[in-house]
Amino acid sequence: MLEKTFYKTLLKHAFNIPVEVTFWDGETETFGPKGEIQNKINFKKPISTHSVLEHATLTLAEAYMEKNIEVQGSIQNLITAIFMTPHSFINSDKFKKFLPKQNHSKKQSKTDIQSHYDLGNSFYRLWLDETMTYSCAYFKNKNDSLEQAQTNKVYHILNKLDLEPNKTLLDIGCGWGTLLFAAAKSYGVHATGITLSKEQFDYVSNRIETEHLENMIDVKLMDYRELDQSFDYITSVGMFEHVGKENLETYFKKISELLNPEGRALIHGITGQHMGVGSDPFINKYIFPGGYIPHLSEMMEHIMQSNLQLKDLETLRRHYQKTLEIWTQNILAHKLEIIEMFDDKFFRMWNLYLQACASSFESGNIDVAQYLLTKGPSGLNLPLTRDYMSEQDKDIPQIK
């Protein structure tokens, strides 16, 4: 009885849409404004109130993964409704828990990255596009395919850097190498990628050999902190979210150290536009161990302290929402294959993760930004206006 009273209080101001909730004893109640029910939640059993108070998102996510909670209707729609309701439990300070300081030693960073990216290329091939790009796409046109949008993103990044042939580029956290190959083949730069993922390293290495690009591209299985050479350009896409709050200073100072005088960097990653918690216990435990989302002022503080200057800042929140929605469609289309590879709990975990992230971007809870930086005065050796970016974007290859 007390547990049900707790949940009724918790859910009373949780939604800005009509949501029907069925409790474990069969009682049904509607929360939110009047109107047509958009989502239904079914509690199969009581969930520990103490655990919810301790870590709401983790406890409720685990209950969903274990099928103790079922959701009818779009999970993204439901979570967005909670984020968009000012007095919902997820926006309450009582439920915003900061994680303890995390270990981001070189050994731990390698373990964290491999736990996520070494799930197997066969898993990622099921729901990523042909470029095997696992980061925010860039939709120049609303009807762009995911493959076209990911191609757009890579060239949009490289065009911002205004590359010159025969110069050197470093991609920190190179993923499956799409940016490396575009930089080398389309712009004539010598591209080096580093990753801590053995699966990604093997994939890129094999592609370099297959395409006979050993003289233009190389890839290293190593921590970015171990690099001791210098480059004309640096890119880093979806990387700084992994380094941890306490290592952001090290990350930007290392970028500055690795850049040649008058060098340029394009840093792309998830960034908060509010002063909230940068870690979620569910995502930290099950998806990205050690992850931390910095906010804009944190990023700028570290950029300035590293003797780097900002030339251009672009936010791509809606692009990442759309990317995640397509990934969700893809994962749902391959549900049976993913369950066969892993199990039903794993599928529910990833489905929840992707839809929850889409909700976070849709509601503005998080954003994604591209920081164009120069080592030296802002915009050094770049055109006076940003028109060059859109001009060069006109020549992005079109996927047939």
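Hydrogens, waters and symmetry mates play no part in the numbers below; they use all other heavy atoms, side chains included.
- Within 6.0 Å of NZ on K335 lie no more than 12 heavy atoms contributed by other residues, nucleotides or ligands.
- Counted by atom type alone, K153 and S135 present one or more donor-acceptor pairs between their side chains at under 3.5 Å.
- L169 and L227 are not part of a single hydrophobic cluster, where members link through side-chain heavy atoms under 4.5 Å apart.
- With hydrogens and angles ignored, the 3.5 Å screen pairs a side-chain donor or acceptor of S74 with a backbone N or O of Q76.
- Judged by distance alone, the side chain of Y155 and the main-chain N or O of A183 form no donor-acceptor pair under 3.5 Å.
- Contact detail for I270 and E241: the closest heavy-atom pair is N-OE2, 2.9 Å.
- Classification of the F139-H319 ring pair by plane angle, with boundaries at 30° and 60°, yields parallel.
- A donor-acceptor contact closer than 3.5 angstrom links the side chains of Q321 and E325.
- Between K8 and E27, at least one side-chain N (NZ, or NE/NH1/NH2) sits under 4.0 Å from a carboxylate O, which counts as a salt bridge.
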Would L78 and V19 satisfy side chain to side chain contact (heavy atoms under 4.5 Å, CB included), going step by step from the backbone distance to the final call?
-> CA-CA 8 Å; L78 179 65; V19 176; 3.9 Å; yes

Test salt bridge (charged side-chain N to carboxylate O under 4.0 Å, His left out) applied to E70 and K67, step by step = CA-CA 6 Å; E70 292 288 3; K67 296 186 177 181; 5.6 Å; no

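- Under the 30°/60° scheme for interplanar angles, the aromatic rings of Y371 and F240 are found to stand perpendicular.
- Q148 places a side-chain N or O within 3.5 Å of a backbone atom of P397 that can act as its donor or acceptor partner.
- Between the side chains of Y286 and E62, at least one donor-acceptor pair of N or O atoms lies under 3.5 Å.
- Residues Y187 and N159 have side chains that bring a donor and an acceptor to within less than 3.5 angstrom of each other.
- Considering all non-hydrogen atoms of both residues, E337 and A333 come closest at OE2-O, 4.5 Å.
- V243 and L170 fall within a single hydrophobic cluster, where Ile, Leu, Val, Met, Phe, Trp and Tyr side chains are chained together by heavy-atom contacts under 4.5 Å.
- Taking a 6.0 Å sphere around NE2 of H190, one finds it holds more than 12 heavy atoms contributed by other residues, nucleotides or ligands.
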Before giving the answer on side chain to side chain contact (heavy atoms under 4.5 Å, CB included), spell out for Y233 and L266 the whole-Å C-alpha distance, their side-chain angles and the decisive distance to 0.1 Å.
-> CA-CA 8 Å; Y233 313 105; L266 192 291; over 6 Å; no

Candidate pair I331 and W350, rule side chain to side chain contact (heavy atoms under 4.5 Å, CB included), full reasoning = CA-CA 8 Å; I331 240 178; W350 271 81; 4.0 Å; yes

Apply the test salt bridge (charged side-chain N to carboxylate O under 4.0 Å, His left out) to residues R225 and D223: give CA-CA distance (whole Å), side-chain angles for both, the deciding distance (0.1 Å), then the verdict.
-> CA-CA 5 Å; R225 288 166 286 190; D223 191 288; 2.9 Å; yes

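- Between the side chains of Q392 and D162, at least one donor-acceptor pair of N or O atoms lies under 3.5 Å.
- The aromatic rings of Y134 and W127 stand perpendicular to each other, their planes meeting at an angle above 60°, with 30° marking the opposite boundary.
- Side chain of N351 to main chain of L332: no donor-acceptor pair is present (N/O by atom type, distance under 3.5 Å, no hydrogens or angles).
- The hydrophobic clustering, which links ILVMFWY residues whose side-chain heavy atoms are closer than 4.5 Å, places I157 and L146 apart.
- Judged purely by atom type and a 3.5 angstrom limit, N284 has no side-chain atom pairing as donor or acceptor with the backbone of P289.
- At most 12 heavy atoms of other shown residues, nucleotides or ligands fall within 6.0 angstrom of atom CZ in R318.
- Of all the heavy atoms in A137 and T323, the pair that sits closest is N-OG1, 3.0 Å.
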For K160 and E314, run salt bridge (charged side-chain N to carboxylate O under 4.0 Å, His left out): C-alpha distance rounded to whole Å, both residues' side-chain angles, the deciding distance at 0.1 Å, then the answer.
-> CA-CA 11 Å; K160 284 184 176 184; E314 181 179 14; 2.6 Å; yes

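- Considering all non-hydrogen atoms of both residues, T59 and I47 come closest at CG2-CG2, 3.6 Å.
- N16 and M84 make their closest contact through ND2-CB, 3.4 Å (heavy atoms, listed as atom of the first residue, atom of the second, distance).
- For T80 and E362, the side-chain atoms include at least one donor-acceptor pair closer than 3.5 Å.
- D202 places no side-chain N or O within donor-acceptor distance of the main-chain N or O of E199, the cut-off being under 3.5 Å.
- Side-chain atoms of N68 never come within 3.5 Å of backbone atoms of K44 as a donor-acceptor pair (strictly under, hydrogens ignored).
- In this structure, K375 contributes its side chain and S256 its backbone to a donor-acceptor pair below 3.5 Å.
- Judged by distance alone, with hydrogens and angles left aside, the side-chain atoms of E298 form a donor-acceptor pair with the main-chain N or O of H295 at under 3.5 Å.
- A side-chain donor-acceptor contact under 3.5 Å links S230 and N260.
- Between the side chains of T271 and D367, no donor-acceptor pair of N or O atoms lies under 3.5 Å.
- Applying the 6.0 Å contact sphere to CD of E214 captures more than 12 heavy atoms from other residues, nucleotides or ligands.
- A side-chain donor from one of Y251 and S236 sits under 3.5 Å from a side-chain acceptor of the other.
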Start with the C-alpha distance between Y292 and L248, add both sets of side-chain angles, then the distance that settles side chain to side chain contact (heavy atoms under 4.5 Å, CB included), and finish with yes or no.
-> CA-CA 10 Å; Y292 174 77; L248 281 169; 4.2 Å; yes

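- With hydrogens and angles disregarded, a donor-acceptor distance shorter than 3.5 Å links the side chain of D343 to the backbone of F346.
- Considering CD of Q150 and CG of L128, their distance stands at 8.0 Å, rounded to 0.5 Å.
- At a cut-off of 3.5 Å, with distance as the only test, no side-chain donor of N365 or S363 sits close to an acceptor on the other residue.
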Check the pair N42, T22 against side chain to side chain donor-acceptor pair (under 3.5 Å), reporting the backbone distance first and the verdict last.
-> CA-CA 5 Å; N42 189 352; T22 301; 5.0 Å; no

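- Hydrophobic clustering of Ile, Leu, Val, Met, Phe, Trp and Tyr side chains at less than 4.5 Å, counting indirect connections, unites I339 with W327.
- P46 and E3 get closest at one heavy-atom pair: CB-OE1, 3.2 Å.
- If you check the side chains of Y138 and Q370, you find no donor sitting under 3.5 Å from an acceptor.
- Under 3.5 Å, the side chains of S48 and S51 contain a donor-acceptor pair of N or O atoms.
- The neighbour count for Q229 CD, taken as heavy atoms of other residues, nucleotides or ligands under 6.0 Å away, is above 12.
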